[in-house]
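Please read the structure below before turning to the comments.
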Amino acid sequence: MNLDYLWFGTTSSLGEPPMNPFQGLAGAAAFSAFSLFLFGWVTIPAGALLGGLMIGRSRISPT
């Protein structure tokens, strides 16, 4: 989209230029941090539960 904007001047449907790669990286970092804040606390208990289940399963299994 950036090359299309630079070469042909094509904009979005709202008439705005596309974000540049630096804005994209900053946006990805911001949304990743927000997602980690909201859902990161679920990861530790879920990982502990799944790890415990796998350990229990490996003790039962003959292989």
Side-chain angles (χ1 to χ4, degrees):
M1 189 70 186
N2 278 320
L3 291 177
D4 192 27
Y5 173 71
L6 291 174
W7 288 343
F8 303 114
T10 306
T11 59
S12 70
S13 61
L14 298 175
E16 299 174 347
M19 69 174 74
N20 63 37
F22 297 112
Q23 291 171 330
L25 287 174
F31 282 116
S32 296
F34 185 67
S35 175
L36 183 62
F37 177 72
L38 287 180
F39 299 108
W41 58 272
V42 176
T43 309
I44 294 172
L49 178 67
L50 288 174
L53 289 173
M54 291 293 127
I55 289 172
R57 185 175 179 200
S58 69
R59 290 183 183 164
I60 295 172
S61 177
T63 56

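Throughout, residue positions are numbered sequentially from 1 according to the sequence presented. Atom set for the values below is all heavy atoms of this structure, side chains included, hydrogens, waters and symmetry mates excluded.
The line from OG1 of Thr10 to CG of Leu3 is 11.0 Å long, rounded to the nearest 0.5 Å.
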Name the atoms and distances for all side-chain donor-acceptor pairs under 3.5 Å in residues 36-43, with sequence neighbours left out.
| residue | atom | partner | partner atom | Å |
| --- | --- | --- | --- | --- |
| Trp41 | NE1 | Leu38 | O | 2.5 |
| Thr43 | OG1 | Gly40 | O | 3.3 |

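With Phe8 as reference, Asp4 is the one residue of Leu6, Asp4, Thr11 to meet the side chain to side chain contact (heavy atoms under 4.5 Å, CB included) rule.
Sparse packing is recorded around CE of Met19, with 12 or fewer heavy atoms of other residues, nucleotides or ligands lying under 6.0 Å away. Annotation: Leu53, atom CG; neighbour count of heavy atoms from other residues, nucleotides and ligands within 6.0 Å is above 12.
Looking at residues two or more places apart in sequence or on another chain, you find a side-chain contact (heavy atoms from CB on, under 4.5 Å) between Ser12 and Leu14, Glu16.
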